[in-house]
Amino acid sequence: MPSALPDGDPVPADGALPASALTGSADRPLGFYLHVPYCATRCGYCDFNTYTATELRGTGGVLASRDNYAESLVDEIRLARKVLGDDPREVRTVFVGGGTPTLLAADDLVRMLRAIRDEFGLAPDAEITTEANPESVDPAYLATLREGGFNRISFGMQSAKQHVLKILDRTHTPGRPEACVAEARAAGFEHVNLDLIYGTPGESDDDWRASLDAAIGAGPDHVSAYALIVEEGTQLARRIRRGEVPMTDDDVHADRYLIAEEMFAAAGFDWYEVSNWATSQAARCLHNELYWRGADWWGAGPGAHSHVGGVRWWNVKHPGAYAGALAAGKSPGAGRELLSEEDRRVERILLELRLREGVPLGLLREAGLAASRRALGEGLLQEGAYAEGRAVLTLRGRLLADAVVRDLVD
């Protein structure tokens with residue numbers, strides 16, 4: 001089941017933000033994340049805030065229905081306009097995620113985007129992305145999205161091998177994601193991403209190479225590759241605990257990452273974040289860069305998180321409760337926190353160290369600087385960048401990124 005929300009202070013009924021949140025906002029880009037919490041089936045490794053029809057039955061009635069979900073999202077977009085007041089910023093990025101956004105009608109996704117355009121305006125070069133399940137789209141659906149303003153799409157591929165997909169409880173047919181890339185290009189999408197997962201129990205090095213070959217050969221300009229994390233409470237965690245499938249160890253994850261880096265580099269993909277590779281600067285995911293660089297974004301939808309000017313808040317999780325709050329003219333916010341300057345410094349280090357540009361050494365305290373010198377001596381940070389005042393991970397450092405960053409935030 002979905003993971004729990006954090007604790008926090010109450011959100012005002014009208015969603016009002018402290019005046020400090022909008023101080024200097026004109027200098028920060030603004031994005032929107034739109035969460036669609038519906039899935040046809042629950043994948044065994046997933047603990048996202050998503051729901052199948054069976055899980056929603058009897059727990060929210062018409063308010064939890066995906067048939068009128070777009071109406072609730074539009075209501076929250078209008079609420080965002082009221083909360084942000086006369087903030088003049090046009091929206092730089094929109095990302096529709098889930099769940100499976102493409103379980104909604106394409107016209108619903110376009111309607112949600114239109115509401116953002118009407119309420120805020122879109123920057124001329126705005127990046128507009130939706131995630132998609134390969135089995136939930138066809139050429140006509142993709143054409144509607146493209147005509148409606150979407151210019152980037154991300155398909156969940158995970159693996160090219162059937163036995164790996166089966167362990168993950170993925171229902172798409174091998175080969176379908178690659179076909180989707182061609183269909184998206186034909187529809188006029190400028191940027192296409194494929195998501196991969198490595199380290200699934202039962203996956204071999206050759207299986208992983210086959211998946212990379214298939215993904216690269218499909219012709220996307222962006223690929224995300226994530227190590228499988230087995231979350232407590234998921235079906236996969238229960239299967240591993242019962243001994244039905246083996247747990248993959250960290251050494252295997254490291255080997256798979258090195259294979260990915262080698263094959264991506266040979267195909268003209270450059271890493272720009274530890275788990276993301278792109279064929280050019282323009283192919284990077286600008287929306288994710290908003291997160292990694294601590295910019296502003298409004299997260300609309302059940303369980304969605306937002307951040308504006310050092311204020312972070314999150315919505316109630318259940319689709320019925322979410323829609324009910326908005327129908328009553330109230331914010332769906334469940335809690336929020338005001339980040340201190342120290343919180344924001346630590347988060348910058350945690351997130352920016354994962355980027356190709358790294359993090360300024362000036363953000364580090366004395367203990368963190370000492371740790372950075374040790375990391376440099378151990379070959380975990382790049383010497384040239386360090387001499388220029390930045391901590392940038394080497395390839396070996398990327399393998400140990402979590403450990404490196406823990407030392408630097410001291």
Side-chain angles (χ1 to χ4, degrees), residues 2-25 28 30-38 48-51 56 59-89 91 94-99 108 111-121 290-291 294-340 343-344:
S3 56
L5 289 173
D7 295 326
D9 298 324
V11 175
D14 62 358
L17 293 171
S20 61
L22 293 179
T23 301
S25 63
R28 302 189 301 266
L30 174 65
F32 262 83
Y33 171 74
L34 308 180
H35 185 66
V36 178
Y38 305 107
F48 295 165
N49 190 46
T50 61
Y51 303 84
L56 286 174
T59 64
V62 67
L63 290 177
S65 170
R66 75 188 193 204
D67 294 334
N68 57 6
Y69 182 71
E71 182 177 343
S72 295
L73 257 291
V74 170
D75 285 344
E76 189 176 358
I77 291 164
R78 290 171 178 160
L79 172 68
R81 178 70 281 176
K82 293 178 182 177
V83 170
L84 296 179
D86 59 0
D87 185 332
R89 289 176 292 177
V91 172
V94 178
F95 194 105
V96 188
D108 281 349
R111 178 186 174 193
M112 289 148 53
L113 176 60
R114 185 183 306 121
I116 294 174
R117 181 186 293 114
D118 291 346
E119 295 294 335
F120 289 87
L290 292 189
Y291 298 154
D296 290 351
W297 71 89
W298 189 291
H305 286 57
S306 303
H307 171 265
V308 174
V311 180
R312 182 161 52 213
W313 71 95
W314 45 91
N315 287 344
V316 295
K317 293 180 64 173
H318 195 278
Y322 168 78
L326 288 163
K330 298 179 180 178
S331 165
R336 78 181 188 189
E337 60 182 339
L338 179 61
L339 302 176
S340 68
D343 291 333
R344 298 177 79 175

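Reckoned from all heavy atoms, side chains included, excluding hydrogens, waters and symmetry mates.
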Between Phe120 and Arg89, is there a cation-pi geometry (under 6.0 Å to ring centre, at most 45° from the normal)? no

Do [X] side-chain atoms and [Y] backbone N/O form a donor-acceptor pair below 3.5 Å?
X      : Y      : result
Asn315 : Ala300 : no
Ser306 : Trp298 : no
His318 : Pro302 : no
Trp297 : His305 : yes

With a 4.5 Å cut-off on side-chain heavy atoms, are Leu73 and Tyr322 touching? yes

So Asp87 and Arg81, do their side chains get closer than 4.5 Å, heavy atoms only? yes

Where Val316 and Leu5 come nearest, the two heavy atoms and their spacing: CA-CD1, 4.4 Å

Of all heavy-atom pairs between Ala304 and Tyr33, which one has the smallest distance, and what is that distance? CB-CD2, 4.3 Å

Is there a donor in the side chain of Asp343 and an acceptor in the side chain of Ser340, or the other way round, less than 3.5 Å apart? yes

Report the C-alpha separation of Val36 and Asp108 in whole Å, then their side-chain angles, then the decisive distance to 0.1 Å, and conclude whether the side chain to side chain contact (heavy atoms under 4.5 Å, CB included) test is met. CA-CA 11 Å; Val36 178; Asp108 281 349; over 6 Å; no

What's the verdict on side chain to side chain contact (heavy atoms under 4.5 Å, CB included) for Phe32 and Leu290, showing C-alpha distance, side-chain angles and the deciding distance? CA-CA 10 Å; Phe32 262 83; Leu290 292 189; over 6 Å; no

Supply the atom-to-atom distance [X] [atom1] to [Y] [atom2], rounded to the nearest 0.5 angstrom.
X      : Y      : atom1 : atom2 : value
His35  : Glu76  : NE2   : CD    : 11.5 Å
Asp118 : Leu113 : CG    : CG    : 9.5 Å
Asp296 : Leu30  : CG    : CG    : 6.5 Å

Once the angle between the rings of Tyr38 and Tyr69 is folded into 0 to 90°, is it parallel (under 30°), tilted (30 to 60°) or perpendicular (over 60°)? perpendicular

All N/O donor-acceptor pairs, side-chain side in residues 323-338, below 3.5 Å, sequence neighbours left out:
{"residue": "Ser331", "atom": "OG", "partner": "Gly333", "partner atom": "N", "Å": "3.0"}
{"residue": "Arg336", "atom": "NH1", "partner": "Ala16", "partner atom": "O", "Å": "2.7"}
{"residue": "Glu337", "atom": "OE2", "partner": "Arg312", "partner atom": "NE", "Å": "2.9"}
{"residue": "Glu337", "atom": "OE2", "partner": "Arg312", "partner atom": "NH2", "Å": "2.9"}

